[in-house]
Amino acid sequence: MTRRRLFIALRSIPIGWVSLGLIIYLLEHPLLRWIGPVIGAQWIATATLGLDCASLAATGWVVARLGRPNPMLGMLVFAATLTVWDLSFMVGINAPWLLRLVVHTLSGDSSYLSSLVSTAASQILLFGCLLGGGMLSRDPVKPVSIVADS
């Protein structure tokens, strides 16, 4: 790995954490507090998941946009840092809990299976939003045309 690629990868970590923190604490949490009484208690979890997806997509866009010329390397390095801790106080990502559910389910306790499926689906959705936001930051590709450029 060249020094430039290593610098881009390491630079994406603080950029991602700062942008995620700002988006979560300045936009998502105040918006959820404001809209919570309007939507009712039964929709809070759904609204939280939707806002978490939007926040992660915006963070992915920022990380990839500032991680030029190799945005996906920066995205993957930042995404890897999200899997280390329980971030449920901030955003719905909790990879250590998912790992515990996998271990309990594979050890033969089938009562964990439904929780494993729902947790895995939400984690895939959240990481997909992060990577999708990073993909949105790419430069648009000129479409193929049958008309010659003049």
Side-chain angles (χ1 to χ4, degrees), residues 1 4-141 143:
M1 186 182 286
R4 182 172 172 84
R5 286 181 137 187
L6 183 64
F7 176 70
I8 289 171
L10 293 178
R11 182 180 68 179
S12 68
I13 296 170
I15 288 172
W17 280 103
V18 168
S19 63
L20 182 64
L22 289 174
I23 291 169
I24 293 290
Y25 289 114
L26 295 179
L27 294 175
E28 181 185 345
H29 287 175
L31 181 63
L32 196 57
R33 275 190 220 107
W34 176 72
I35 204 167
V38 175
I39 62 173
Q42 68 271 18
W43 289 100
I44 291 291
T46 305
T48 302
L49 183 62
L51 289 173
D52 283 347
C53 285
S55 299
L56 285 168
T59 301
W61 187 87
V62 170
V63 168
R65 196 69 176 169
L66 296 177
R68 303 271 178 192
N70 197 355
M72 289 315 289
L73 175 67
M75 284 295 308
L76 293 175
V77 169
F78 173 66
T81 64
L82 293 176
T83 63
V84 178
W85 302 283
D86 173 14
L87 300 175
S88 57
F89 66 93
M90 186 175 185
V91 69
I93 293 177
N94 193 352
W97 176 249
L98 181 63
L99 212 56
R100 280 189 218 110
L101 286 173
V102 168
V103 168
H104 286 296
T105 304
L106 292 178
S107 68
D109 193 355
S110 63
S111 62
Y112 288 98
L113 186 60
S114 64
S115 180
L116 172 67
V117 170
S118 65
T119 303
S122 67
Q123 300 304 302
I124 290 169
L125 177 67
L126 290 169
F127 278 106
C129 287
L130 178 71
L131 295 176
M135 297 295 284
L136 287 174
S137 75
R138 295 186 307 173
D139 291 329
V141 178

Applying side-chain hydrogen bond (donor to acceptor under 3.5 Å, both in side chains), name anything that partners Thr83, two or more places apart in sequence or on another chain.
-> none
Residues forming a ring pair (Phe, Tyr, Trp, His ring centres under 6.0 Å) with Phe127, sequence neighbours excluded | none
Could you tell me which non-hydrogen atom of Met90 sits nearest to which non-hydrogen atom of His29, and how far apart they are?
-> O-NE2, 3.6 Å
Sequence neighbours excluded, which residues qualify as side chain to side chain contact (heavy atoms under 4.5 Å, CB included) partners of Ala58?
-> Ile23
Exercise: identify the closest heavy-atom pair between Met75 and Gly134 = SD-CA, 4.0 Å
Counting only pairs under 3.5 Å, give me each side-chain donor-acceptor contact of residues 34-45, with atom names and distances, residues two or more places apart or in other chains.
none

Hits for side-chain hydrogen bond (donor to acceptor under 3.5 Å, both in side chains) against Asn94, two or more places apart or cross-chain, chain-then-number order -> Asp86
Do the non-hydrogen side-chain atoms of Leu113 and Leu101 ever get within less than 4.5 Å of each other?
-> no
What distance separates Phe78 CZ from Leu10 CG, expressed to the nearest 0.5 Å?
-> 14.0 Å
Do Leu130 and Ile93 touch side chain to side chain, with heavy atoms closer than 4.5 Å?
-> no
Sorted by chain and residue number, the side-chain hydrogen bond (donor to acceptor under 3.5 Å, both in side chains) partners of Trp17 (sequence neighbours excluded) come out as Thr81
Work out which heavy atom in Trp85 is nearest to a heavy atom in Pro96; give both atom names and the distance.
-> O-CD, 3.8 Å
Among pairs that include at least one residue of residues 47-67, which meet salt bridge (charged side-chain N to carboxylate O under 4.0 Å, His left out), considering only residues two or more places apart or in two chains?
-> Arg65-Asp139
Pairs satisfying side-chain hydrogen bond (donor to acceptor under 3.5 Å, both in side chains), at least one member in residues 107-122, at least two apart = Asp109-Ser111
What residues form a side chain to side chain contact (heavy atoms under 4.5 Å, CB included) with Leu136, not counting sequence neighbours?
-> Trp61
In this structure, are over 12 heavy atoms from other groups packed under 6.0 Å from Phe89 atom CZ?
-> yes
Could I get the full list of side chain to side chain contact (heavy atoms under 4.5 Å, CB included) partners for Val62, not counting sequence neighbours?
-> Ile15, Ser19, Leu66
Taken in chain and number order and not counting sequence neighbours, the residues that satisfy side-chain hydrogen bond (donor to acceptor under 3.5 Å, both in side chains) with Glu28 are Ser55
Give a yes or no on whether the backbone of Ala9 and the side-chain of Ser12 come within a donor-acceptor separation of less than 3.5 Å.
-> yes
Only one of Leu32, Ile24, Val91, Thr46 forms a side-chain contact (heavy atoms from CB on, under 4.5 Å) with Leu51, so which one is it?
-> Leu32
Residue set satisfying side chain to side chain contact (heavy atoms under 4.5 Å, CB included) with Val18, at least two apart, ordered chain then number -> Leu22
Chi angles and distances behind the side-chain contact (heavy atoms from CB on, under 4.5 Å) call for Leu82, Leu126 | CA-CA 11 Å; Leu82 293 176; Leu126 290 169; over 6 Å; no
